[in-house]
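One structure is given below, encoded as structure tokens.
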Amino acid sequence: MISIPSARPVATRSRMAEQVVFTTDKSSGTWGGGSNAQIYTTSPRVTVEWGGTGWSGGTATQTYTTTSAGGGEYYANISRGCSSAGTKTITVYPTDSSGNRIGEIKRIIVSGVGSLGSQLTSITGLKNCRNIVYISVTSLYSSGISNSLDFSGLKSLLGVYFNNNASTTSIDVTGCSALTSLASSGSFSAITGLSSTQSTLERLEIISNTGITSLDVSNFSSLRGVNLYGCSSLTSLRAQNVMLYALSPSYYGNYMYFQDGGAQLEGTGLGASALNQFFTDLATNTSGESGLIGIVGTPGVNDCDITIATNKGYTVIGVLPP
């Protein structure tokens with residue numbers, strides 16, 4: 001008689017509870033400062049673990065009651081002062097009214113000059129927030145986030161905004177197939193996986209970057225705005241079959257203030273031939289909106305042929321009179 005061993009249950013991997021960890025090396029200040037640090041979740045509570053020394057008032061673990069933001073989302077304003085040196089960590093995760101870790105992190109908004117959030121050195125845990133839709137971190141002065149910004153696989157992510165973050169070495173948006181807006185500064189030389197956003201990306205902003213030498217956004221069917229202000233090493237920009245236009249244009253004299261569309265190329269390294277190629281690549285503007293292209297401060301500003309663009313319905317800003 002053949003003995004058949006009993007079947008063993010198949011091991012399953014439980015989903016790890018969502019949490020995000022912020023690390024900062026600032027010696028003193030305030031994390032958040034009221035509404036300057038907001039965490040949006042699907043749970044009625046947000047719990048924060050304050051790591052490191054010198055936090056003023058309260059305990060090492062604090063729970064915040066959230067406020068309804070509508071649409072099944074709730075938000076909490078996170079704030080606490082600190083007055084001593086040393087590395088600090090702020091671990092944030094959603095909980096229910098009994099303290100159980102449950103729910104999703106949907107949005108993260110951190111801003112404020114002078115706060116601890118202005119000197120973040122890392123943000124970890126984003127990859128486990130599978131349904132996060134928006135991440136915004138601004139006023140990153142001093143050290144900045146030195147590790148890579150890895151958003152790969154976040155299929156629900158709609159918007160990413162990292163401002164004044166000169167230390168970022170790489171950005172990965174592979175698999176971010178819903179992304180509509182991406183804005184960041186840093187020393188990175190490329191954005192990995194940008195092609196994943198080809199059918200959804202509407203706005204691309206790369207500010208004060210010295211690493212990127214070429215960029216190709218050809219056939220990005222939803223793209224209407226490209227802001228490359230201060231990308232001094234950029235010498236090639238291709239945008240075949242792309243129509244750029246601004247819904248709320250704003251400019252003064254030779255200067256264009258990027259709103260939600262058009263092309264802001266001030267301070268780039270684009271020469272005359274590269275600008276002519278960019279103009280040639282663009283699809284004719286039939287949007288009915290303003291097709292603004294700002295090129296003040298580029299090496300080819302006085303030698304390019306702007307009629308290539310104007311004949312396609314664009315207004316080129318920044319060319320000196322002949």
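What you see is a predicted model; the values in this text were computed from it and never measured.
- Between C129 and I105, the closest side-chain pair of non-hydrogen atoms falls below 4.5 Å.
- Residues E18 and N128 bring no donor and acceptor atom of their side chains to less than 3.5 Å of each other.
- In this structure, R80 and W50 have side chains that are in contact, with non-hydrogen atoms separated by less than 4.5 Å.
- When every heavy atom of S221 is checked against every heavy atom of S199, the shortest pair comes out as OG-CA, 3.7 Å.
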Check the pair F162, S185 against side chain to side chain contact (heavy atoms under 4.5 Å, CB included), reporting the backbone distance first and the verdict last. CA-CA 7 Å; F162 276 73; S185 55; over 6 Å; no
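- A side-chain donor from one of T95 and T47 sits under 3.5 Å from a side-chain acceptor of the other.
- From L292, atom CG reaches atom CG of L244 across 10.5 Å, with rounding to the nearest 0.5 Å.
- Within the 4.5 Å cutoff, no side-chain heavy atoms of N285 are placed close to those of K312.
- The closest side-chain heavy-atom distance from I109 to Y134 is below 4.5 Å.
- With hydrophobic clusters built from ILVMFWY side chains whose heavy atoms lie under 4.5 angstrom apart, L223 does not share a cluster with Y229.
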Tell me, with the steps shown, if L194 and F220 meet side chain to side chain contact (heavy atoms under 4.5 Å, CB included). CA-CA 10 Å; L194 191 61; F220 275 56; 4.0 Å; yes
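- When all heavy atoms are compared, the tightest approach of A183 to Y161 is CB-CD1, 3.2 Å.
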Show, in sequence, the C-alpha distance, side-chain angles and deciding distance for Q19 and R101, and conclude whether the side chain to side chain contact (heavy atoms under 4.5 Å, CB included) test is met. CA-CA 9 Å; Q19 71 174 31; R101 297 182 62 155; 2.6 Å; yes
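- For the residue pair N100 and S98, no side-chain donor N or O sits within less than 3.5 Å of a side-chain acceptor on the partner.
- Hydrophobic clustering, with ILVMFWY side chains joined whenever heavy atoms are under 4.5 angstrom apart, keeps I207 apart from V217.
- The line from CG of L201 to OG of S195 is 11.5 Å long, rounded to the nearest 0.5 Å.
- Side chain of S196 to backbone of T174: no donor-acceptor contact under 3.5 angstrom is found.
- Judged purely by atom type and a 3.5 angstrom limit, S181 has no side-chain atom pairing as donor or acceptor with the backbone of G159.
- Contact between W31 and A37 at its shortest, heavy atoms only, is NE1-CB, 4.0 Å.
- Side-chain atoms of P94 and T42, non-hydrogen and from C-beta on, never get closer than 4.5 Å to each other.
- Under a 3.5 Å cut-off, the side chain of S56 and the backbone N or O of G81 do form a donor-acceptor pair.
- Under the side chain to side chain contact (heavy atoms under 4.5 Å, CB included) rule, T298 has a single partner from T268, L234, L228, which is T268.
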Should S214 and I212 be marked as a side chain to side chain contact (heavy atoms under 4.5 Å, CB included) after you check the CA-CA gap, both sets of side-chain angles, and the distance that decides it? CA-CA 6 Å; S214 63; I212 289 181; 5.9 Å; no
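- Residues L149 and S184 share a closest heavy-atom pair of CD1-OG, 4.2 Å.
- Inter-residue side-chain proximity for L182 and I191 is flagged as met; some heavy-atom pair is nearer than 4.5 Å.
- The closest side-chain heavy-atom distance from V242 to D281 is not below 4.5 Å.
- Ion pair K88/D25 not flagged as a salt bridge, since none of the NZ, NE, NH1 or NH2 atoms sits closer than 4.0 Å to an Asp/Glu carboxylate oxygen.
- Cluster membership check: V21 does not share its hydrophobic cluster with V48, using side-chain heavy-atom separations under 4.5 Å among Ile, Leu, Val, Met, Phe, Trp and Tyr.
- A continuous path of Ile, Leu, Val, Met, Phe, Trp and Tyr side chains, each step under 4.5 Å between heavy atoms, connects L204 with L265, placing both in one hydrophobic cluster.
- Remark: the backbone N or O of S218 is paired with a side-chain donor or acceptor of Q198 at under 3.5 angstrom.
- Taking each heavy atom of S83 and S28 in turn, the nearest pair found is CA-CB, 3.8 Å.
- The distance from the CD atom of Q277 to the CZ atom of R238 is 4.0 Å, given to the nearest 0.5 Å.
- Taking OG of S177 as the reference point, atom CG of L154 lies at 10.0 Å (rounded to 0.5 Å).
- With respect to K106 and E73, no salt bridge is recorded, no charged nitrogen being found less than 4.0 Å from a carboxylate O.
- Here D305 contributes atom CG and N311 contributes atom CG; the two are 8.0 Å apart, rounded to the nearest 0.5 Å.
- The residue from T121, I108, T124, I78 that alone fulfils the side chain to side chain contact (heavy atoms under 4.5 Å, CB included) condition with F22 is I108.
- Counting heavy atoms from C-beta on, the side chains of S43 and I102 come closer than 4.5 Å.
- Annotation for F188 and N209: closest pair O-ND2, 2.9 Å, computed over non-hydrogen atoms.
- Counted by atom type alone, T23 and S122 present one or more donor-acceptor pairs between their side chains at under 3.5 Å.
- Judged purely by atom type and a 3.5 angstrom limit, S152 has no side-chain atom pairing as donor or acceptor with the backbone of D172.
- With rounding to the nearest 0.5 angstrom, the CG atom of L158 is 8.5 Å from the OG1 atom of T200.
- Note on I90: it clusters hydrophobically with L126, by side-chain heavy-atom contacts below 4.5 Å among ILVMFWY residues.
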